[in-house]
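The next block holds one structure in the form of structure tokens; read it before the comments.
Letters go in sequence order (proteins before strands), and every chain restarts at 1. This structure is a prediction, so every number in the text was calculated from the model and none was measured.
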Number of protein chains: 2
Amino acid sequence: MHDSSASEAAEAKDSPLRSGPLDRSLGYRLRLAQILAYRNFEETHLDQGVAPRYLGLLSLVSANPGQPQNKLAEAVGLQKSSLVTILDRLEKDGILERGPIPEDRRAKGVWLTEKGGQVVEELSREAAAHEARMTEGLSETDRARLIEMLGVVIENLRA
Amino acid sequence: MHDSSASEAAEAKDSPLRSGPLDRSLGYRLRLAQILAYRNFEETHLDQGVAPRYLGLLSLVSANPGQPQNKLAEAVGLQKSSLVTILDRLEKDGILERGPIPEDRRAKGVWLTEKGGQVVEELSREAAAHEARMTEGLSETDRARLIEMLGVVIENLRA
DNA sequence: CCTATATAGTTCGACATCGAACGATACTGC
DNA sequence: GCAGTATCGTTCGATGTCGAACTATATAGG
């Protein structure tokens, strides 16, 4: 027994669902925004292999060359075991390479190859465009504020 | 070698990695915040089965009882095929149930059970606490603004 | 009506991530 | 030096999500 008046019937057909109490929650919107953003970016770069998906990681390596895998894993929020497969793939694609770290013979450092550097540069430009699309309707100061506040949230969750 | 140049060694050892150019990007922070938030919430509710992970979905069903699966899938950003497994599980746990929709004999509507309603209520309370933890250091207006801006981003990505 | 096409839910195989092992190396206290 | 413990990268089995089938029903055009 759905309480269907005319307006609700139309609503049932085509409109977005009514927000639950959680729709206004940070966690819910974080998740949804992230899923959509990720998918959207990947869909527009189907031709470029797996690199787009791991641009965050690649960019991190670019800014911190030679870091051991476990630090990279923690920084991007993945398990070190997950990173193994990813690095295997990116290494096979000639985008990065692993090498020994003199200070610790257990560890392996990660570096971008020359090709990897180009890929990161290229993708970063496209990511900026994607970024602009996502934040359409927000002023520049709002955009900066949004990113800053997300930083606060991340810090809170890391503690 | 390790202790002599103390500051450098300390930095290489323990500090967070330097931000890449992308660290300041929305996409990167969205992803990281979401991963951490999700994991964090789940870790503090290991005893409550799979319901915590799907609180967003359950809350949506609570606000929109009897909706067909494909609309739910779209609303939470999942494939309809993924939802099948999830609903199977939640149905088996007695949290929700599927039923026919008179208007369309292909479709199946989803409703919360009584137990499901209690679970949602209980988890929603705990989610609010989690929410507060995540936004520590933000004023109430900032928090509202953050959520609002995420809404804008979501809308942009849906278009 | 009837045929053609679209849609709802499901199944199935591919792939990503996780967590718990494990071998190799590092560190700490004696 | 040496024993015990911690850490690094890896492997492996389990689970979650995806995308491409498929079945059943719905809808549109002749």
For this session: Look at Arg105(B) and dA26(D) and indicate whether a side-chain polar atom (N or O) is within less than 4.0 Å of OP1 or OP2.
Result: yes
Seminar exercise, completed: In whole angstroms, the gap separating P of dT10(D) from CG of Leu72(A) amounts to 12 Å
Problem set entry | Shortest non-hydrogen contact from Leu30(B) toward Ala37(A) | CD1-CB, 4.3 Å
Problem set entry | Under 4.0 angstrom between Lys80(A) side-chain N/O and dT7(D) OP1 or OP2 | no
For this session: Indicate whether OP1 or OP2 belonging to dC18(D) is found under 4.0 Å from a side-chain N or O atom of Arg39(A).
Result: yes
For this session: Mind checking side chain to side chain contact (heavy atoms under 4.5 Å, CB included) for Asp142(B) and listing every partner two or more places apart, or none if nothing turns up?
Result: Arg145(A), Met149(A), Leu138(B), Ser139(B)
Exercise. If you measure from the Lys or Arg side-chain nitrogens to the Asp or Glu carboxylate oxygens, is any gap between Arg125(B) and Glu122(B) under 4.0 Å?
Worked result: yes
Problem set entry | Length of the line joining Glu43(B):CD and dG19(C):P, which is rounded to integer Å | 8 Å
Seminar exercise, completed: Taken to the nearest whole Å, CD/Gln67(B) to C1'/dT7(C) is 16 Å
Exercise. From dC18(C), dT17(D), dG9(C), pick the nucleotide closest to the side chain of Tyr54(B)?
Worked result: dT17(D)
Problem set entry | Value in whole Å for how far the C1' atom of dA26(C) lies from CD1 of Ile101(A) | 14 Å
Exercise. Distance check: side-chain N/O of Gln79(A) vs OP1/OP2 of dT17(C), anything under 4.0 Å?
Worked result: no
Problem set entry | Value in whole Å for how far the P atom of dG9(C) lies from CD of Glu103(B) | 13 Å
Problem set entry | NZ/NE/NH1/NH2 to OD/OE distance under 4.0 Å, Arg143(A) and Glu140(A) | yes
Exercise. Rounding to a whole Å, what distance do you find between Ile35(B):CD1 and dA16(C):P?
Worked result: 15 Å
For this session: Tell me whether the OP1 or OP2 atom of dT7(D) has a side-chain N or O from Asn70(A) closer than 4.0 Å.
Result: no
Exercise. Does Lys92(B) come within less than 4.0 Å of Asp88(B), counting only side-chain N to carboxylate O?
Worked result: no
For this session: Kindly say if Tyr38(A) contacts the phosphate of dA16(C), meaning a side-chain N or O under 4.0 Å from OP1 or OP2.
Result: no
Exercise. So do Leu146(A) and Leu150(B) actually touch side chain to side chain, heavy atoms under 4.5 Å?
Worked result: yes
For this session: Select one nucleotide: of dA26(C), dT17(C), dT17(D), the one nearest the side-chain heavy atoms of Leu78(B).
Result: dT17(D)
Seminar exercise, completed: What residues 81-89 of chain A contributes to the DNA chain C interface at heavy-atom separation below 4.0 Å is Ser81(A), Ser82(A), Ile86(A)
Problem set entry | Length of the line joining Arg106(A):CZ and dG9(D):C1', which is rounded to integer Å | 10 Å
Problem set entry | Residue mapping more 5' on DNA chain C - nearest nucleotide basis, Asp104(A) or Val50(A) | Val50(A)
Seminar exercise, completed: Residues Leu112(A) and Ser62(A): closest non-hydrogen pair is CD1-CB, 3.5 Å
Problem set entry | Atom-to-atom span, NZ of Lys108(A) to C1' of dA26(C) - whole angstrom | 17 Å
